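For reference, the structure is listed below as structure tokens.
Every heavy atom of this structure was used, including side-chain atoms; hydrogens, water molecules and symmetry mates were not. Labels below follow one simple rule: chain letters A, B, ... track the order of the sequence lines, proteins then strands, and each chain is numbered from 1. Computed from a predicted structure; not experimentally measured.
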Amino acid sequence: MKPTNVTDPEYFHKVVDCQFACPAHTPVPAYIRLISQQRYTDAYLVNWESNVFPGVLGRTCDRPCEPVCRRGRVEEEPVAICRLKRVAADFKEDVSSRLPRAGKPNGKKIALIGGGPASLTVARDLAPLGYELHLYDANAKAGGFMRSEIPSFRLPESVLDEEVGYVMDMGITAHFNTYVDSMADILTNGYDAVFVGSGAPRGRDLPKLPGRKKADKNIHIGLDWLANVAFEHTKKIGKKVIVLGGGNTAMDCCRTSRRLGGEDVKVIVRSPFEDMKASPWEKEDAIHEGIPIIDNHVPKEFVLKKGKLVGMTFEKVEPKYHEDGRRELVPTGEEPAFFECDDVLIAIGQENAFPWIEKETGIRFTSWGTPIINDDETFQSTRKDVFFGGDAAFGPANIITAVAHGHKAAVSIDLYCRGKDLEKRPAPNVTLISQKMGIHEWSYDSIPVNDKREAVPLVELGEALKDRDLEVELGFDLETAFVQAERCLNCDAQTVFTADSCIECDACADICPTSCINFIQNAPEEELRANLMVPADDPEQDIYVSQTLNTGKVLVKDEDVCLHCGLCAERCPTAAWDMKLFTYNVAKATPDLMEVS
Amino acid sequence: MSYVKPKFRHPKLPTNSLGYSVADYDGAISTLCAGCGHDSISAAIRNACFKSAIPPHRIAKLSGIGCSSKMPTYFLGRSHGFNSVHGRMPSVATGASLANRELTYIGVSGDGDTASIGMGQFVHLIRRNVNMTYIVANNGCYGLTKGQDSATADLGSVAKGGAVNPFDGIDLASLALLQGASFVARSFSGDKEQLEPLIRAAMAHKGFAFIDVVSPCVTFNNHAGSTKSYAETRAHVDAMQLDFIPMREEIRTQYEAGTSQTVTLHDGSVIHLQKASSDYATDDRAAAMQAIQKAEAEDKILTGLLHLDPNSQDLNQLLNLANKPLNELDKDELCPGSRVLDSINQGLR
């Protein structure tokens, strides 16, 4: 196997599993270290620079970072990354003086359609460069899905207002209560570029299911219904509620129902429980509130009595997994199951819809109704001055993905407005700096603590169900936050090996607590992986292979369960190993948005 | 400096037939210099005990004084240990092995502890063929007192301060051979592939098993001019690789005919000497002496299993001691009372 090219920043980036998995590549270990140093404001700003909505995301993020957290591979539970983000938001001081301001006008004007996380990110990234930004939204406030679809018992309005405010205060011109019904009109207003971040607002329906039309009064599209609850148009629901669907929206629907008078609330889903799209913790939270999740049931019919909805019948199925990974739901042949209900919430996904974008604008769409976009780097549509991002680009995803789109689209828009080539993307900002403080000392808490993950304390259930606006999670207190922050393994403190200095004394291989380090004969990758002291059987995790050493062997380090404890470097007599802090910041339109040292 | 090792281990760490992983044979974190050869020997002992599936609580570690003798703290944290007086580990080991024959005894000593202050005890330990494994971590200098030449420093070796050693070094392996040791080996701390099976074979051997291990002192004896540095040892080592296959385990490796030799130990375990010429005889003491001297004349360090007498009689057998070891004899057996004494006295009248 060829020696690993550690000068490629993506190698070490991949070692920081959490940051790598985050669509916006938030430098997770960096902000967690700041929390353990009680520097909450700095921790917040590191987040804000990267993901724009730390307070919101600290409560609602889909956390792609946590399932991949290295800590989860050496013990039961990953670091509580998401809720530590909330700690930074909860305990920060006033940050307004440290936020960037609108730059000197550069004469360019940009329209942002839709006021969700994608548009707001574009606005935040472009405002310091002096762009004149016009944000259009049909509602009275910006926030998009974050405002309309996330119940306030999960995300208090004040948190959202604050973080949306930080962006809007950068001189953004708001066109609220303005529904954009024609792209052609927008394009006549002299904008240099248009960004569409209007989301994927249409919830899917079950229009062909028998009884659908007649029972319409008691059947609601989950997303619309959640929006109505958020705007207080809907304040009640029947005692018996069936929620159809297995995603996070279904979880929000069932828990909201419990707070609006639903006593017997059930989630009924086609797929097996394990395959449900909802995050495990969202499912747990629903079950905790006494909501059963009934899986392997396919909706068959809405049942009415005297013109009123009384229940639904379902066909029972069981999953059959084919060799190509395809899943088929095969009817079991049992009698259809009947469940009583007063109301049904359909939360089975969303559809893209751009009825307001005219054909003659030159913006073309795929057969699925999503815009044809150059690639997921530029976000440029088939019309050069129009860009898409967030759910509007590739269909429903989540907030952090929308933010990531926003960063990239802002870079594209800036390049476009300056007449530069969009394909020539600015490189990420990367540093790699030794953390050696003394012969055996590092600038970070190198030896991991043994503490377990703790759950975030909740408001008493009775209280929570009484008040829809009462935030259920209380957040970590500072003492707990410190311990939870210390659980981070500092994966950004990279083990960097210099083959020339190595005398092959084996000290690193002997001390390594997780047996990652091997000195063996080189071989093709597959063979090499199998020959390690503990075989490296996860191809997703790289192995670090050195240049050939004096004895003809190579060093091979399996990155998989390296604790980044620095003992290899501590026990190295020649400093062939060093612990170097790796920072990786995604290129933004404004390069130096934040100064946190 | 870290004084604790993280408790997390690789979740897929293999286990031995007792269900232990190698981590169960770990000791405290080492306080020796980073890169010390001794730490590698510690790891080799740990790995050997793990691979041979010896229950940790059935092992006793014994040592004297010196960097080498600190080592037992750094491996087998769940075993018995005795850190004795400088050069006097042999007498403690002799007593222990007489009192309890069931334990596996691992003595760890250094070139000072064995070749200088402990020389008298060492040769008598060999003479008596005490059932134990005796490992010398041999770095040719006194690392604990800033690197003065030790008795095993080679003639002409240059100390860190620049002084050339005017004396011939004591070759402990030759000495052990001469004194009739039943198992004599030499190895290098940087060659675990050889050292581990050697230690396993030594532990399986019934009688005194001696392993002289070149173990570079990374702080005081790892410079140009030193004959026991990592680079110099690697440049001159003539390694005979071997495999150890314990009794009950099937032999899986295929050996080319005529290129290897098999030695069977008293308990049925097997040592495979790889690439050994067919006329090499491990049971020929004189030949082993010759081989060492020939290698020395060629400026080579011969490592591997130098000599083995698989049918040696250990101290308990030599002294024809009671079948029950001392720790199993109760008070009435040890002190049968005045009536028995009287009858003995009567017999002598």
Quiz item: If you take all heavy atoms of A:C505 and B:G35, which pair is closest and at what distance?
Solution: SG-CA, 3.6 Å
Considering distance alone, list the donor-acceptor pairs between chain B and chain A shorter than 3.5 Å.
residue, atom, partner, partner atom, Å
B:M1, N, A:H440, O, 2.9
B:S2, N, A:E570, OE1, 3.0
B:S2, OG, A:E570, OE1, 3.2
B:S2, OG, A:E570, OE2, 2.6
B:K5, NZ, A:I511, O, 3.4
B:K12, NZ, A:D537, OD1, 3.0
B:S30, OG, A:R571, NH2, 3.4
B:L32, O, A:R571, NH1, 3.2
B:L32, O, A:R571, NH2, 2.9
B:C33, O, A:R571, NH2, 3.3
B:G35, N, A:R571, O, 3.2
B:D39, OD2, A:R571, NH2, 2.7
B:S40, OG, A:C505, O, 2.9
B:S40, OG, A:D510, OD2, 3.2
B:K192, NZ, A:D506, OD2, 2.9
B:K192, NZ, A:D510, OD1, 2.7
B:K192, NZ, A:D510, OD2, 3.3
B:E193, OE1, A:K553, NZ, 3.4
B:E193, OE2, A:K553, NZ, 3.4
B:R234, NH1, A:I503, O, 2.9
B:R234, NH2, A:E504, O, 2.6

Exercise. Can you tell which part of A:C565 gets under 4.5 Å to a heavy atom of chain B, answering side chain, backbone, both or neither?
Key: side chain
Self-check item: side-chain contact (heavy atoms from CB on, under 4.5 Å) partners for B:P55, two or more places apart
Solution: B:L18, B:H57, B:R58
Practice problem: Work out which heavy atom in B:V218 is nearest to a heavy atom in A:I503; give both atom names and the distance. | Solution: CG2-CD1, 4.1 Å
Self-check item: Any A:V74 side-chain heavy atom under 4.5 Å of B:P6 side chain
Solution: no
Exercise. Name the region of B:P11, side chain, backbone, both or neither, that has any atom closer than 4.5 Å to a heavy atom of chain A.
Key: side chain
Quiz prompt | Option that, when pairs with chain B are counted at under 4.5 Å, heavy atom only, ranks first among A:P535, A:G438, A:P573, A:A507 | solution = A:P573
